[in-house]
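Below is one structure, written out as structure tokens; comments come after it.
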2 protein chains.
Amino acid sequence: MAKRVTILDVAAEAGVSRQTVTRAMNDMGDISDATRRKVLAAAERLGYRPSRFARNLVTRQKTHALGLVVASFRNPYFTELAGDLVEAAAERGWQVVMASSGTEAEAINLLSNQVDVVIGHFTGPDEELLAVAKGLPVVRLETPSALPGVHSVEIDLRSGVVEAIRTLRERGARRFGMVDSSYSEEIGGVYGPSPRRGWFEEEVGDQLTAVVRGEESISGGGRAFARLMERHPDTDAVLMFNDLMALGAVQSAHALGIDVPGSVRIVGVDGLALGEAVDPPLTSIAMDRKGLTAHTLDIVEALAAADFARLDSINRVVASKMLWRQSA
Amino acid sequence: MAKRVTILDVAAEAGVSRQTVTRAMNDMGDISDATRRKVLAAAERLGYRPSRFARNLVTRQKTHALGLVVASFRNPYFTELAGDLVEAAAERGWQVVMASSGTEAEAINLLSNQVDVVIGHFTGPDEELLAVAKGLPVVRLETPSALPGVHSVEIDLRSGVVEAIRTLRERGARRFGMVDSSYSEEIGGVYGPSPRRGWFEEEVGDQLTAVVRGEESISGGGRAFARLMERHPDTDAVLMFNDLMALGAVQSAHALGIDVPGSVRIVGVDGLALGEAVDPPLTSIAMDRKGLTAHTLDIVEALAAADFARLDSINRVVASKMLWRQSA
DNA sequence: CTGTTAGCGCATTCAA
DNA sequence: TTGAATGCGCTAACAG
């Protein structure tokens, strides 16, 4: 690769000092129109591009960047989250860098010298995050953090699960089933059943028919739902692990000739806008995503104000609330 | 804001030289375990975070970043595109920074000192892009570019539109309608009807019933579709501007008791994975998104190899091909 | 194993 | 209106 064209090359080419080049490149005034043109022409001739690193270094980093780690772009939850975050971040003058490849550790590593802080629905323990982040502050979504340097916005899904089941009962449901994610199995079974499954079983009590596990995708959700209904045809309400899988359940019910919500009520989790697009529109335990992004950015700004030093854990909580559409 | 903690502060605190601090922070070897601990402790005590700009400056920028400008995160097309791009980019060692706020010019401006090149479905002319990008290379998606410094990956949608209509005819369709995007009206009517509308009308000929315009959203598509069918109930095939709007059309047809594809065949554009989630699954003119991202990254790497100098336009073309699902 | 010397490429003082 | 010095914070190359 050829040696980089620097401001000095342009200065030489134009026969002026480097200052004059800076002035011309940044529309700074205090420069005659003639020299500006001359400099700009020289810059273009040489194909000059100012180094963004040198510039940011000397201007004392006025623009910050946060890294968002997502498990998969195939799940609209993450893309909707990313959208919200990018928009909210832009309003506060932050840029968002995305990463999704491989493991959490790899993603964080990739991000580590591009951003000031990393954010994500991390599954690993705080210690592990701290180790891979090497001092880079971390904000974990969904689950609370404890160690300094790791902060969190917890999502209170439990109250949503409880509310969902109680209301389903009021609407006549008596036989509850659930489709959990098989994710934990895939990664070696380190993680047990999802917390939401625990809350579900606790609240449902002896009205439980069964919990089956499915892959986190539309079709995976559909297959798991079909399996559940085959084994327990008397099930009249199903909690799906998330909206993505619930979409598959609605589709699957249709294919099996099962009436929704007449025979079975279906509830998802996440509150995706996408749930509107299916028929019947999906009822969901929605997390307050506006609040989620707002709290996240609050934390991130607090970290920025402290120059990204390792602060004691900042923890926030956002609520979940039922989004009753037509599937339940 | 307090003065930033630098490597020198840590060196002083630990009683070593700055180089030793570097070695400790970067696991570099050639350092005793004792001093490493000492340095790390000092760094933590002071809350030291290496400046990513200074580091990248001196290491000669080995990692690049590209900026992706999207019109809206509400349209799954962009989120699916973003997902593809982030994954493909990661494989080649690139980071992706996203922006969506406000106008194209604003988004490019925000990105300008964070990335090495910007990419997006830009609607403005090359001249305008060049002006706002200030020398930052631009890759425009969908439409071809001509000026040096602006490159492109064109999407050949025309052949897809033609193929769609011909096959629809083979399947018995005789009365064609279309729902176009109202976007161009909203921004002052500077842009005429969409090119895909032109190709549609040309191919359909006198079998056209009507073209109506709708807002680019699920509900907007649904309303426009309903309007079209109300005015021209004999329409038996409809091309929707994109899949997002087509989703609304399928939903609307269902609500109106119109059988799809029995009474009306519905075709979208984009080939979203999401089209699988509705009933009936959406037929679509799919662009080759794998090819799109691959070509884009090829261009981007060519630009990097030239140190992001202003190269003559690089233009690539990707095909579109029909994705026959059940709605048509 | 540790410290010293040199830049990386730019913008912000100051002088002229 | 222009130019000369200075430093942002870090790592690479060399020294010891």
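Lettering of chains follows the sequences in order, A, B, ..., and the numbering in each one begins at 1. No hydrogens, no waters, no symmetry mates; every other heavy atom, side chains included, goes into these values.
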query: Any salt bridge between A:R92 and A:D298, counting N to O under 4.0 Å?
result: yes
query: Would you say a side-chain N or O of B:N56 is under 4.0 Å from OP1 or OP2 of C:dC8?
result: no
task: Taking only the side-chain nitrogens and oxygens of A:T20, find out if one of them lies under 4.0 Å from OP1 or OP2 of D:dG3.
output: yes
Qualifying residue for side chain to side chain contact (heavy atoms under 4.5 Å, CB included) with B:H121, from B:L81, B:T143, B:V69, B:V70: B:L81
- request: Describe, in one word, how the ring planes of B:W94 and B:H64 are oriented to each other, choosing from parallel (under 30°), tilted (30 to 60°) and perpendicular (over 60°).
  value: tilted
- prompt: Thinking salt bridges, do A:D116 and B:R49 make one under a 4.0 Å N-O criterion?
  reply: no
query: Does A:S32 place a side-chain N or O at less than 4.0 Å from the phosphate oxygens OP1/OP2 of D:dT2?
result: yes
- line: Per nearest nucleotide of DNA chain D, the residue lying toward the 5' end, B:R49 or A:R36, is A:R36
- prompt: Taking OP1 and OP2 of C:dG3, is either one under 4.0 Å from a side-chain nitrogen or oxygen of B:S17?
  reply: yes
message: Please report the distance, rounded to the nearest Å, between CZ in A:F53 and P in D:dT11.
response: 13 Å
So which protein N/O to nucleotides 12-16 of chain C N/O distances come out below 3.5 Å?
| from | atom 1 | to | atom 2 | distance (Å) |
| --- | --- | --- | --- | --- |
| C:dT12 | O4 | A:Q19 | OE1 | 2.9 |
| C:dT12 | O4 | A:Q19 | NE2 | 2.7 |

query: Quick one: A:K38 NZ to D:dG3 C1', roughly how many Å, whole number?
result: 13 Å
statement: Separation of D:dG3 atom C1' from A:I7 atom CD1, nearest Å, is 13 Å
message: If I take atom CE in residue B:M25 and atom P in nucleotide D:dG9, what distance separates them, rounded to the nearest angstrom?
response: 15 Å
- request: Determine whether the side chains of A:T293 and A:T296 contain a donor N or O and an acceptor N or O closer than 3.5 Å.
  value: no
- prompt: Expressed in angstrom and rounded to an integer, what is the separation of B:F308 atom CZ from C:dG9 atom P?
  reply: 14 Å
- request: Check the distance between D:dC8's P and B:R55's CZ and give it to me in whole angstrom.
  value: 18 Å
query: Does a side-chain N-to-carboxylate-O contact under 4.0 Å join B:D33 and B:K38?
result: no
statement: Note: for B:A54 and B:G15 on DNA chain C, the residue whose nearest nucleotide lies more 5' is B:G15
statement: From CG of B:L57 across to P of C:dA6 the rounded distance in Å is 19 Å
message: Counting C-beta onward and ignoring hydrogens, is there a side-chain heavy-atom pair between B:L66 and B:V139 closer than 4.5 Å?
response: no
message: Tell me the interatomic distance from B:I31, atom CD1, to D:dA12, atom P, rounded to whole angstroms.
response: 14 Å
